[in-house]
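Here is how names work: the chains are called A, B, and so on, in the same order as the sequence lines, proteins then strands, and each is numbered from 1. The analysis underlying the following values was restricted to heavy atoms, covering all of them including side chains, and did not include hydrogens, waters or symmetry mates.
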Number of protein chains: 2
Amino acid sequence: MQQAWKSYQEQNKDRFLNEMLELLRIPSISANTENAGDMQRCADAVAQRLREAGADRVEVMPTNGYPVVYGEKIIDPLKPTVLVYGHYDVQPADPLELWHSGPFEPVIKDGKVYARGSADDKGQFYMHVKAFETMVQTGTQTTNIKFLIEGEEEVGSPNLEQFVADNRDLLKCDVILISDTSMISMENPSIDVGVRGLAYIQVEVTGPNRDLHSGVYGGAVANPATILAKMIASCHDENNHITIPGFYDDVVEATPEERELMARAPFDAQEYAADLGVQELWGEKGYTTNEHTGIRPTLEVNGMWSGYTGEGAKTVLPSKAYAKISARLVPNQSSEKITQMLLEHFRKIAPASVQVNAYNLHGGEAYMTPLDSKGYQAAAKAVKETFGKEPIPVRGGGSIPICAILEKELGVKIVFMGFGLDSDNLHSPNEKFNLENYYKGIETIPYFHQYFAEA
Amino acid sequence: MQQAWKSYQEQNKDRFLNEMLELLRIPSISANTENAGDMQRCADAVAQRLREAGADRVEVMPTNGYPVVYGEKIIDPLKPTVLVYGHYDVQPADPLELWHSGPFEPVIKDGKVYARGSADDKGQFYMHVKAFETMVQTGTQTTNIKFLIEGEEEVGSPNLEQFVADNRDLLKCDVILISDTSMISMENPSIDVGVRGLAYIQVEVTGPNRDLHSGVYGGAVANPATILAKMIASCHDENNHITIPGFYDDVVEATPEERELMARAPFDAQEYAADLGVQELWGEKGYTTNEHTGIRPTLEVNGMWSGYTGEGAKTVLPSKAYAKISARLVPNQSSEKITQMLLEHFRKIAPASVQVNAYNLHGGEAYMTPLDSKGYQAAAKAVKETFGKEPIPVRGGGSIPICAILEKELGVKIVFMGFGLDSDNLHSPNEKFNLENYYKGIETIPYFHQYFAEA
């Protein structure tokens, strides 16, 4: 079986790559309404590829937002079913001026594909389509396989819960497999066993009812930019602890054993800092870098703007100041509860000289995969098979808000088998995906199905 | 004489207005290079108007930036000479969406002209052109009159010092008269006897070398937006005192007598707050609102931006954060010294996990007109003549950085005879100038020349 996979994949290597590049050329940015046509085009392209790969039922299914692409090949109702989740939408590409090549004109350089969506998530979900094709074409499919490829992950999957609830029978499965995370390195393969939750809000501070001359009024009216800066500054103390009352209440502290295990993962702080171009790392006192991004909740400013931002000097005292602020949450913290806490906090700490409008933008719960679950065990064996090494279980820093929803609606566990790298520039300019990782993913996935079927 | 002025102005009322509207239609924004053609067009229009008004020498004089318009009519070398300073450039008009009508399509509503530059400063310097015409046409010019109308006031007059130094003889005069400020109200006429200095800097904070995924890296890397917010927040204490070491060192405190005199100026805090739409005024503890904007130095954020500022949620940890920050200074504070102090402060307080690039954008010194100067006395008499009330001397909050330069180069005092109102929305959307104020200015100015000639 392995030999058949290997030679099929070797023979179709170039086509596997070109098909991925085709998908990357479609600017399927779910956040921009002007890309609505591209979104539909991308969904249709994904459906067509699933058909060509061997799915015997494929549908572009409408939602209240962008459609979900569904595909399946059921070989035997008695065999276990794997539901592959992925998303065909991508993040906005701005700031465009920082890209070395067009975000939707994929370029291959030094064995890497540069394009928006290459790692997040087109390149990664497409590994599953090509692994599926490999199994179908070599007559070695070991599980029933279903695909659920959505188009609204990057805007918080607002319609997925309803879709899954409405299609519970269609989506019935024994495990959910997601490749939308990364591993430490090719030498140190790892599997994410957790993703953080998210609470994302916008805060708008209004001072005077119009932009004012900063000389005529400066000193007599609260400046909303200054007030917002003070509000943001007050959210972390000198040890970088988050100061919002109650924020840590529901955090289940990691045990010393768990922290000890995490500390064994290979990590070079100097290399990490050098890659980011910073002289010093940062973070909550008392925790390591991997703990900062893995087991601790955080609060970050994602965007902030006020007043004059053009060239030169404009002496304005702004009327309004805005911030986008999000918290990453750990298991047992409730996204809804933290969102409310953040909103109330920002409303409360504002002085009476300004008005605050704070509202929820999106959110989702943290998720943990049990190490002893059938799905995790199959993934670990598959990775060991192709990488020659036992994968390290790690807690990822990102969020996949739909995990909690999928588990709740479908009643099965989720396994994250990500083949990206932290250096893939997700959500940043020059997003890339290493070709080696793409092919390794396609090579590894059939083993997952085999081991899961055998378990 | 007075009767001749009055009837001439009455007969030409509509033309005086239409000519001002013509000037307002030219988008002479000195900050935007794309308006370079409009700037030249505006300079030529001003020159043409000076010629038509009766100047016998008019020149559009080049500088290293936008040209200066010079005009004069010397009636007798033995008579005193008044140099009228004004500027034909205007502030950028953004945010455009907040204007009720086009910023360069003047609209008259309820006795007010709405347009960018109506009060600052086209409408105001044009009062002088029309007052000059009145005197010329009625054969009643009492002083030599020179006009210096520049095109770079709104960008800090970078070339004016050199221009004045190069043309000291041409600009020789006995007093400089400027209408680029406001009065309390038509019922409570006032004359600004001081303008604040300015130190305007830009601060750029760089964290990681690229925008990062806020989940993957959040918590482990200093967020430049958060750091910048902390830096801004640290500049004021809980009493709204500025905390930058040495900031107040050179401030000469106003005497109790001076403060007592200021407190007599009519001021309704409730009305002031209501006009601005704020529930509470703000400012440095221990000082009144008029003191906040008059005799105290201030520090304001004029602009601030970082990360994602579009619609919806983007989970980015920004690479960079920017702020435009300016201080208003009082007499005896040095703009250069405070600029250096601000730059050093922002460089110093940054943690090692970010890099700070801070630099000067523009600045200028504060200026005070002596109450016992011939110029102030003539202005006070002129205002009393047409308003029927002794004007109140007040300290204005804005800055006219060229004042200190003009006094240094030409060795004479400056008088501010402003006819605008604080509610004119200078530098804001819907800038306006009341027609009543425009005509009152034209009516008052000839008296200034008369009283100055007689003194």
Interface moiety of [X] toward chain B, non-hydrogen atoms closer than 4.5 Å:
X        : result
A:Thr226 : both
A:Ile201 : neither
A:Leu299 : neither
A:Arg196 : side chain
A:Asn290 : neither
A:Glu154 : backbone

Flag for A:His427-B:Thr315: side-chain donor and acceptor within less than 3.5 Å: yes
May I ask you to name which of [options] has the most heavy-atom pairs under 4.5 Å with chain A?
options                                : answer
B:Gly283, B:Gly312, B:Pro429           : B:Gly312
B:Thr289, B:Leu212, B:Asp120, B:Leu198 : B:Leu212
B:Trp305, B:Tyr287, B:Tyr322           : B:Trp305
B:Ser182, B:Ala323, B:Ser399, B:Gly218 : B:Gly218
B:Gly397, B:Ala31, B:Ala313, B:Ser319  : B:Ala313
B:Asp94, B:Val155, B:Val195            : B:Asp94

Closest heavy-atom pair and its distance - [X], [Y]:
X        : Y        : answer
A:Lys230 : B:Asp237 : NZ-O, 4.3 Å
A:Ser353 : B:Glu280 : CB-O, 3.4 Å
B:Met304 : A:Thr309 : O-CG2, 3.9 Å
B:Tyr200 : A:Lys314 : OH-O, 2.7 Å
A:Ile232 : B:Ala229 : CG2-CB, 3.7 Å
A:Ala220 : B:Tyr272 : CB-OH, 3.9 Å

I'd like to know if the side chain of [X] and the backbone of [Y] have a donor-acceptor N/O pair within less than 3.5 Å.
X        : Y        : result
B:Glu284 : A:Gly219 : no
A:Lys324 : B:Gly310 : yes
B:Asn302 : A:Val316 : yes
B:Asp211 : A:Ser428 : no
A:Tyr217 : B:Asp422 : yes

Under a 4.5 Å heavy-atom cutoff, which of [options] has the most pairs with chain B?
options                                : value
A:Ser234, A:Ser306, A:Gly277           : A:Ser306
A:Val216, A:Thr288, A:Thr181           : A:Val216
A:Glu300, A:Gln355, A:His362           : A:Glu300
A:Gly398, A:Gly294, A:Gly215, A:Pro208 : A:Gly215
A:His236, A:Glu291, A:Arg296, A:Met231 : A:His236
A:Gly156, A:Pro95, A:Pro297, A:Ser214  : A:Ser214

Residues, nucleotides or ligands: over 12 heavy atoms within 6.0 Å of B:Glu204 CD: yes
Option passing side chain to side chain contact (heavy atoms under 4.5 Å, CB included) with A:Arg210 (candidates B:Leu98, B:Asn430, B:Leu276): B:Leu276
Identified side chain to side chain contact (heavy atoms under 4.5 Å, CB included) partner of B:Trp282 from the options A:Ile227, A:Asn223, A:Val354: A:Ile227
Which portion of [X] sits near chain A, non-hydrogen atoms under 4.5 angstrom:
X        : answer
B:Asp275 : both
B:Leu228 : side chain
B:Gln91  : side chain

Interatomic distance, A:His213 atom NE2 to B:Thr293 atom OG1 [nearest 0.5 angstrom]: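 Separation between the atoms: 12.0 Å.
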